[in-house]
Amino acid sequence: MKKLVEIVAGVGGGSLTATSVVEEHLDRIRTRDGEIHAFNLVTADQARKDAAKIDADIKAGKKAGPLAGVPIALKDNMCTRGVETTCSSKILQGWKPPYDATVVGKLREAGAVIVGKTNLDEFAMGSSTENSAFGPTKNPLDVSRVPGGSSGGSAAAVSAGFAAASLGSDTGGSIRQPAALCGVVGVKPTYGTVSRYGLVAFASSLDQIGPFTQDVRDAATLLEVIAGHDPLDSTSIPQPAISLVPVLDHGVKGMRVGRVTDLPEGCEPDVLERLEAAFDALRNAGATIVDVELPSLQYCLTAYYLIAPAEASSNLARYDGVRYGNRVDAPDLNAMYAATRESGFGEEVKRRIMLGTYALSAGYFEAYYGKALKVRRLIYDDFARAYTKVDAILTPTSPSVAFKFGSKTDNPLAMYLCDVFTIPTNLAGHPAMSVPFGLGADSMPVGIQVLATTLGEQSMFKVAAELERAS
Ligand code: GLN
């Protein structure tokens, strides 16, 4: 399977055509996506047209873009003008946004070819893609296992070679965890780095868009294109994209990498073994491993499952049968709202809306939502202290390798525990990424998570690139 940077070099240099690259990927989709179900929608006709246009432009002497001819898949919670955007929910089925998300415009401008919209846990709530209203996505490495979630379709699409790269969204781990489970690279940038304009909101103070790719260089290349200030997103950081590709070969000599001494329990031994191997690799490459304490880490999961549902209950109030998507008719307005939401939302989404509404309700607000915000401050302070001593921190991405379908669906708490290592960075607004680092139980891939402080993407990518070289 061709890497993103190989495609850009080939299409730009004339040894490949965008058309041939796109056909190769559409072929793989045709052969295998019936089984995998990475996509909710494959936009083959438009992809062919876009590829032909890129080829014609290059032939006419136009400068090739930084993603020329790269087939990219989009999580189906990013708005695409005139193209169905469902969030894998019945309530939005058939809804066609009147505008493109900022990232979509940036991809097109850079010469990328969008091949389709990928499956997710409904409204990005879940860790296995089993909460999709349209059926689960399978892990391409073992179809009896989940691909992770919520961006399971985007992770599977890259792992199966349906797209050279994809975009996902990460609110509590939804890029990094599926990347780990499918054996690909996944990056959650610093909050405010990539515009959220046109990303359907789940928990606005945590949501961030980021790339899935086959390797670290591809991720750096793609992130450089999609990052940067956007006046249409009021939380976008007013500065240009950080340059990442040039630091990839810097190595880690002299860098200080943190080992968390009070990591929450529950991680499988095969994963912990790979984490130790990762520390060894960095030490061998000249980094110093430094112990750090993050005492508030143990409260992060609880805080997240108050903050994220609280924001979701507010964000999802707009799906009322009037302005978006499907409507169930009823004799009066209130009955119509109720019937539409009752039939349109799945079980997990309803659970989150109820949890969030409760946490925000009069009399409970201070005890739940207010307290969760205080924990959020504590973890932020813990990280701030740690980053006076280290340039990056390593943890596992997921406590286990990809699990079997149905093994956690009866127990929401077991599913929530999948995010124990990924959630803290979302609460802090920091960047983090998952890099494949060898195999664990049943020969399934293990992802190592590299964390850094706000706008510390260069340190994070240096460490990630070193881990990739070592693996
Ligand atoms: N699995 C987490 C949840 O269910 C994270 C989801 C996400 O990052 N979108 O909320």
Side-chain angles (χ1 to χ4, degrees), residues 74-78 87-89 118-133 136-137 146-155 166-182 186-189 191 194 196 199-212 300-316 345-356 359 372 376 397-400 402-403 408-409 411-434 447 449:
L74 297 174
K75 187 175 183 178
D76 200 15
N77 62 352
M78 294 175 204
C87 294
S88 289
S89 180
T118 58
N119 196 18
L120 61 146
D121 285 298
E122 184 176 3
F123 282 103
M125 298 173 188
S127 307
S128 67
T129 319
E130 291 168 291
N131 294 337
S132 166
T137 296
V146 304
S150 65
S151 316
S154 285
S166 62
L167 295 187
S169 64
D170 190 311
T171 306
S174 280
I175 294 174
R176 292 159 286 159
Q177 185 257 15
L181 272 44
C182 290
V187 186
K188 186 207 86 83
Y191 184 80
V194 178
R196 290 185 297 111
L199 169 69
V200 177
F202 163 9
S204 310
S205 78
L206 303 161
D207 299 339
Q208 229 348 242
I209 292 175
F212 286 94
C300 284
L301 197 79
T302 315
Y304 171 88
Y305 276 99
L306 289 164
I307 293 169
E311 294 188 23
S313 75
S314 165
N315 274 327
L316 271 60
F345 288 136
E347 203 182 320
E348 182 61 25
V349 173
K350 286 178 185 159
R351 178 164 24 242
R352 303 284 179 110
I353 292 173
M354 285 190 284
L355 280 171
R376 189 171 188 176
T397 305
S398 155
S400 76
F403 45 92
K408 295 184 200 281
T409 37
N411 182 352
L413 194 58
M415 193 68 89
Y416 297 173
L417 280 165
C418 295
D419 309 310
V420 64
F421 299 127
T422 48
I423 278 171
T425 45
N426 296 80
L427 292 175
H430 291 167
M433 66 192 284
S434 182
Q449 185 178 218

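All ligand and atom numbering here is 1-based and tracks the order in the structure.
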What I want to know is whether [X] and ligand 1 share at least one N or O pair that is separated by under 3.5 angstrom.
{"X": "Gly172", "value": "yes"}
{"X": "Lys75", "value": "no"}
{"X": "Gly126", "value": "yes"}
{"X": "Ser169", "value": "no"}

Atoms in ligand 1 flagged as close to Asp419, the criterion being non-hydrogen separation under 4.0 Å
1 (N), 2 (C)
Go through the structure and list residues passing side chain to side chain donor-acceptor pair (under 3.5 Å) with Arg196, not counting sequence neighbours.
Tyr191, Thr235
Is Asp121 reaching over with its side chain to a backbone N or O of Glu130, donor-acceptor style, under 3.5 angstrom?
yes
For atom 10 (O) of ligand 1, what's the nearest protein heavy-atom neighbour? Residue, atom name and distance, please.
Tyr304 OH, 2.6 Å
To the nearest 0.1 Å, how far is atom 7 (C) of ligand 1 from its closest protein heavy atom, and which atom is that?
Ser174 OG, 2.3 Å
Work out whether the distance between some heavy atom of Tyr416 and some atom of ligand 1 is less than 4.0 Å.
no
Just let me know how Tyr305 lines up against ligand 1, side chain, backbone, both or neither, with a heavy-atom cut-off below 4.0 Å.
side chain
Could you see which bit of Ala124 sits under 4.0 Å from ligand 1, with heavy atoms only: side chain, backbone, both or neither?
both
Are side-chain heavy atoms of Pro178 and Phe212 found at a separation under 4.5 Å?
yes
Lys408 vs Ser127 side-chain heavy atoms within contact, under 4.5 Å:
no
Test log, rule salt bridge (charged side-chain N to carboxylate O under 4.0 Å, His left out), inputs Glu348 and Arg351
CA-CA 5 Å; Glu348 182 61 25; Arg351 178 164 24 242; 2.9 Å; yes
Residues passing the side-chain contact (heavy atoms from CB on, under 4.5 Å) test with Thr397, sequence neighbours excluded, are Arg176, Ala180, Thr422, Ser434, Gln449
